[in-house]
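Computed over heavy atoms, backbone and side chain alike; hydrogens, waters and symmetry mates excluded.
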Amino acid sequence: MTPNSKEPVTASSREFVKQSSLYQEFLAEREEILKHKWLESERLGYDIGFERALLDWIRKHREGWRAARRQNLSVPWAAASASPFTPAGKQH
């Protein structure tokens with residue numbers, strides 16, 4: 001195939017992407033950003049928008065969230081927790 005041609009997207013390739021750990025990390029991070037957007041918007045009394053929430057979350061929370069997630073994923077029993085900020089054994 002030439003560099004400009006595109007391969008057709010098949011159902012199996014979509015499933016492969018959905019199952020990839022990179023995509024799962026993207027979804028988990030996006031969920032945290034959306035939570036941050038909601039909390040900050042509530043606190044300020046207006047919708048701050050996704051881009052502002054994204055930049056604010058990256059600056060304030062991303063490093064800690066990633067460290068906590070890596071630690072939780074390295075302990076098999078802790079991987080079931082939906083959020084690194086949820087106390088162990090307590091689901092929302």
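For the salt bridge (charged side-chain N to carboxylate O under 4.0 Å, His left out) criterion with Arg69, the lone passing option out of Glu63, Glu29, Glu25, Glu31 is Glu25.
To the nearest 0.5 Å, the span separating CZ on Arg52 from CG on Asp47 amounts to 10.0 Å. With rounding to the nearest 0.5 Å, the separation of CZ in Phe50 from CG in Leu55 is 9.5 Å. Interatomic distance, His61 NE2 to His36 NE2, rounded to the nearest 0.5 Å: 4.5 Å. Once rounded to the nearest 0.5 Å, the distance linking CG of Leu39 with CG of Leu34 reads 11.0 Å. Distance CZ/Phe26 to CD1/Ile33: 8.0 Å, rounded to 0.5 Å. In this structure, CD1 on Ile58 lies 11.5 Å from CH2 on Trp65, to the nearest 0.5 angstrom.
Residue Arg30 places its CZ atom among 12 or fewer non-hydrogen atoms of other residues, nucleotides or ligands, all under 6.0 Å distant.
Shown here are the side chain to side chain contact (heavy atoms under 4.5 Å, CB included) partners of Glu15, two or more places apart in sequence or in another chain: Lys18, Gln19. Applying the side chain to side chain donor-acceptor pair (under 3.5 Å) test to Glu40 and every residue at least two apart in sequence or in another chain returns Arg43.
Checked for salt-bridge contact, Lys37 and Asp56 miss the test: no charged N lies under 4.0 Å from a carboxylate O.
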